[in-house]
Amino acid sequence: CDFSTMSPSLRECYDLLNKTSRSFAAVIQALDGDLRNAICIFYLVLRALDTVEDDMTIPKDIKVTMLKEFHKRLLDPEWKYMESKDQHKIVLERFPSISKEFRALEEIYRDVISDICAKMGEGMSIYLDKKVDSMEDWDEYCHYVAGLVGIGLCRLFSCSGLEDPIVGEDTALANSLGLFLQKTNIIRDYLEDWNDKRIFWPRAAWSKYAKDIGDFAQPENREKALVCLNELITSALEHISSSLLFMSRLKNQSIFNFVAIPQVMAIATLERCYNNPKVFTGVVKIRKGEAVRMMLDANNFETVKAIMRHFTIEIVDRIPEADPNSKRTRVLCHKALQDT
Ligand SMILES: CC(C)(C)CN1C(=O)[C@@H](CC(=O)N[C@@H](CC(=O)O)C(=O)O)O[C@H](c2cccc3ccccc23)c2cc(Cl)ccc21
């Protein structure tokens, strides 16, 4: 990134990127050609939309309108929001710089980003009231907040000419990339979300083991909590084969790294969480050194497949005999690595 030739607003966007995403900003800045600015702006726009959704101080009726209308704000040079209390509020306060650089992108990139924001804002507004009850609801919610990101990114990859059209057209695989990441985040963030009175674990799963999802935070319910945790992790593992198939099609090195790094972080996080009671007393994170090691290694398909195999075997080795989903977990782990 040559900051000296950038306009002040574009330089501000890269400054916001580095402020809002610790390790991932470097991966975005390493993207080739037009994709670097397009995905930097896409990331910031999505961070702004996510900040509106996450801000519990915004009254629901105002938030619904903000979410549904958000994509129109990309065309309003003055629009910003100064009332947020969220940790990433700076992207809403500095939104004029972000939207200015959005409007400077080529039309093909603007159309993708605007379309995804419109669909995501609509979906987020639905889930302000709608609860995540069935496993289908879980897939629908994750589609809105992460699957759509994958679909948008893959369209950007193809638009840039750096990847084949098939990459942008196979929306099911692109959606799976997002579901894998978001289900991992939701599984890992049980306690943080419960403390914020937010529930993203599907009722269809937790209601089999507890009257109230908060019961899992009580030590006497640890056994049931772990069975539910392992069941949701098993559900997330279903996306590995689609993720690997998608990555096998990528040709551009910078795009491969950009896609592969979050995927390997996710499988490492799922393995750390599997049957781990610490999920219910804190937030389980992979060690920084381990994350850096994977970021450096996950630069080719064979190594990524080996990393996926390593962590799924670690999980299989720890399946409790009495776990009701043990057979399904074992089958899914083996299936995930057979095909590729
Ligand atoms: C919710 C989410 C998973 C979509 C967030 N999301 C991601 O998690 C980032 C990674 C990230 O932001 N890591 C942060 C985490 C943190 O802040 O702690 C880091 O600093 O390491 O990656 C995703 C992301 C990258 C590559 C391909 C994707 C395909 C589908 C969906 C998302 C994809 C992302 C790409 C874009 Cl353009 C926008 C957001 C994201």
Side-chain angles (χ1 to χ4, degrees), residues 1 6-22 24-25 27-29 31 34-55 58 63-84 86-125 127 142-157 159-160 168 174-175 177-178 181-182 185 255 258-259 262:
C1 264
M6 277 185 195
S7 67
S9 49
L10 186 58
R11 198 174 309 129
E12 168 140 46
C13 287
Y14 280 98
D15 181 46
L16 290 168
L17 177 69
N18 285 286
K19 281 193 171 79
T20 55
S21 153
R22 301 184 304 282
F24 200 55
V27 185
I28 292 176
Q29 288 171 139
L31 283 164
D34 299 349
L35 275 184
R36 188 181 311 123
N37 289 351
I39 292 182
C40 171
I41 299 306
F42 190 31
Y43 191 92
L44 292 174
V45 166
L46 290 170
R47 180 67 84 175
L49 186 51
D50 183 59
T51 303
V52 170
E53 188 209 26
D54 272 357
D55 191 329
I58 303 175
K63 191 184 279 194
V64 166
T65 309
M66 283 179 82
L67 293 171
K68 287 183 173 206
E69 308 264 309
F70 186 82
H71 64 102
K72 297 175 188 166
R73 299 293 162 273
L74 292 168
L75 303 177
D76 177 347
E78 267 84 53
W79 189 82
K80 60 184 173 180
Y81 184 71
M82 303 305 285
E83 321 302 316
S84 175
D86 191 276
Q87 68 167 4
H88 295 307
K89 66 183 181 181
I90 191 170
V91 294
L92 291 170
E93 294 168 346
R94 307 296 315 137
F95 200 76
S97 294
I98 298 168
S99 68
K100 176 173 176 293
E101 289 305 325
F102 163 81
R103 292 187 297 276
L105 294 173
E106 275 179 54
E107 186 178 11
I108 48 169
Y109 300 124
R110 298 202 305 272
D111 288 350
V112 171
I113 293 170
S114 180
D115 176 55
I116 296 302
C117 285
K119 288 172 177 154
M120 187 182 289
E122 175 65 29
M124 285 174 163
S125 68
Y127 274 90
C142 291
H143 163 71
Y144 282 134
V145 299
L148 282 171
V149 176
I151 290 166
L153 284 168
C154 296
R155 285 166 59 189
L156 295 176
F157 297 159
C159 284
S160 71
N175 189 59
L177 289 173
L181 299 185
Q182 188 59 16
N185 290 342
I255 292 174
F258 173 79
V259 172

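The first residue of the sequence shown is numbered 1, and numbering continues consecutively from there.
Smallest separation of non-hydrogen atoms from Ile41 and Cys13: CD1-SG, 3.7 Å. Ser84 approaches Thr51 most closely through the heavy-atom pair OG-CG2, 4.0 Å. Between Val91 and Ala48, the shortest heavy-atom contact is CG2-CA, 3.7 Å. Residue Leu74 comes nearest to Ser114 through the heavy atom pair CD1-CA, 4.1 Å, listed as atom of the first residue, atom of the second, then distance. The minimum heavy-atom distance between Thr20 and His88, with the atom names listed, is O-CE1, 3.7 Å. Contact between Arg11 and Met6 at its shortest, heavy atoms only, is NH2-O, 3.0 Å.
Taking the centre of each ring, Phe102 and Phe42 stay at or above the 6.0 Å mark. For an aromatic pair to be called close, the ring centres must be under 6.0 Å apart, and Phe70 with Tyr81 fails this.
For the residue pair Asp34 / Ser160, no side-chain donor-acceptor distance below 3.5 Å is found, with atom types taken as modelled.
One finds the CG atom of Asp86 at 8.0 Å from the CG atom of Leu92 (value rounded to the nearest 0.5 Å). Once rounded to the nearest 0.5 Å, the distance linking CG of Leu49 with CZ of Arg73 reads 12.0 Å. To the nearest 0.5 Å, atoms OH (Tyr43) and CG (Asp50) are separated by 9.5 Å. Atom CD1 in Ile28 sits 11.0 Å away from atom CG in Leu35 (nearest 0.5 Å). Going from atom CG of Asp111 over to atom SG of Cys159 covers 8.5 Å, rounded to the nearest 0.5 Å. With rounding to the nearest 0.5 angstrom, the OH atom of Tyr127 is 9.0 Å from the SG atom of Cys142.
Contact of the Gln29 side chain with the Leu17 side chain is registered, since non-hydrogen atoms from C-beta on lie closer than 4.5 Å. Two residues are said to be in side-chain contact when any heavy atoms from C-beta on lie closer than 4.5 Å; Glu93 and Lys80 fail this criterion. Side-chain contact between Cys40 and Leu44 is present, with heavy atoms from C-beta onward closer than 4.5 Å. Counting only heavy atoms from C-beta outward, the side chains of Leu148 and His143 approach each other to under 4.5 Å. Residues Arg47 and Ser21 form a side-chain contact, since some pair of their non-hydrogen atoms from C-beta on lies under 4.5 Å apart. Taking 4.5 Å as the limit, some side-chain heavy atom of Val145 sits within range of a side-chain heavy atom of Glu53. Between Arg103 and Pro77, some side-chain heavy-atom pair lies under the 4.5 Å cut-off. Looking at Ile113 and Leu105, their side chains come closer than 4.5 Å, going by heavy atoms from C-beta outward.
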Could you walk me through whether Asp55 and Glu83 pass side chain to side chain contact (heavy atoms under 4.5 Å, CB included), step by step?
-> CA-CA 10 Å; Asp55 191 329; Glu83 321 302 316; over 6 Å; no
Take Ser125 and Lys68 through the test side-chain hydrogen bond (donor to acceptor under 3.5 Å, both in side chains) and record every step on the way to the result.
-> CA-CA 7 Å; Ser125 68; Lys68 287 183 173 206; 4.6 Å; no
Go through Ser7 and Glu101 one step at a time and tell me if the side chain to side chain contact (heavy atoms under 4.5 Å, CB included) criterion holds.
-> CA-CA 9 Å; Ser7 67; Glu101 289 305 325; 3.1 Å; yes
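Electrostatic pairing of Arg155 and Asp115 counts as a salt bridge here, judged by a charged N lying under 4.0 Å from a carboxylate O.
The aromatic rings of Phe258 and Phe157 lie perpendicular to each other, with more than 60° between the two planes, well past the 30° mark.
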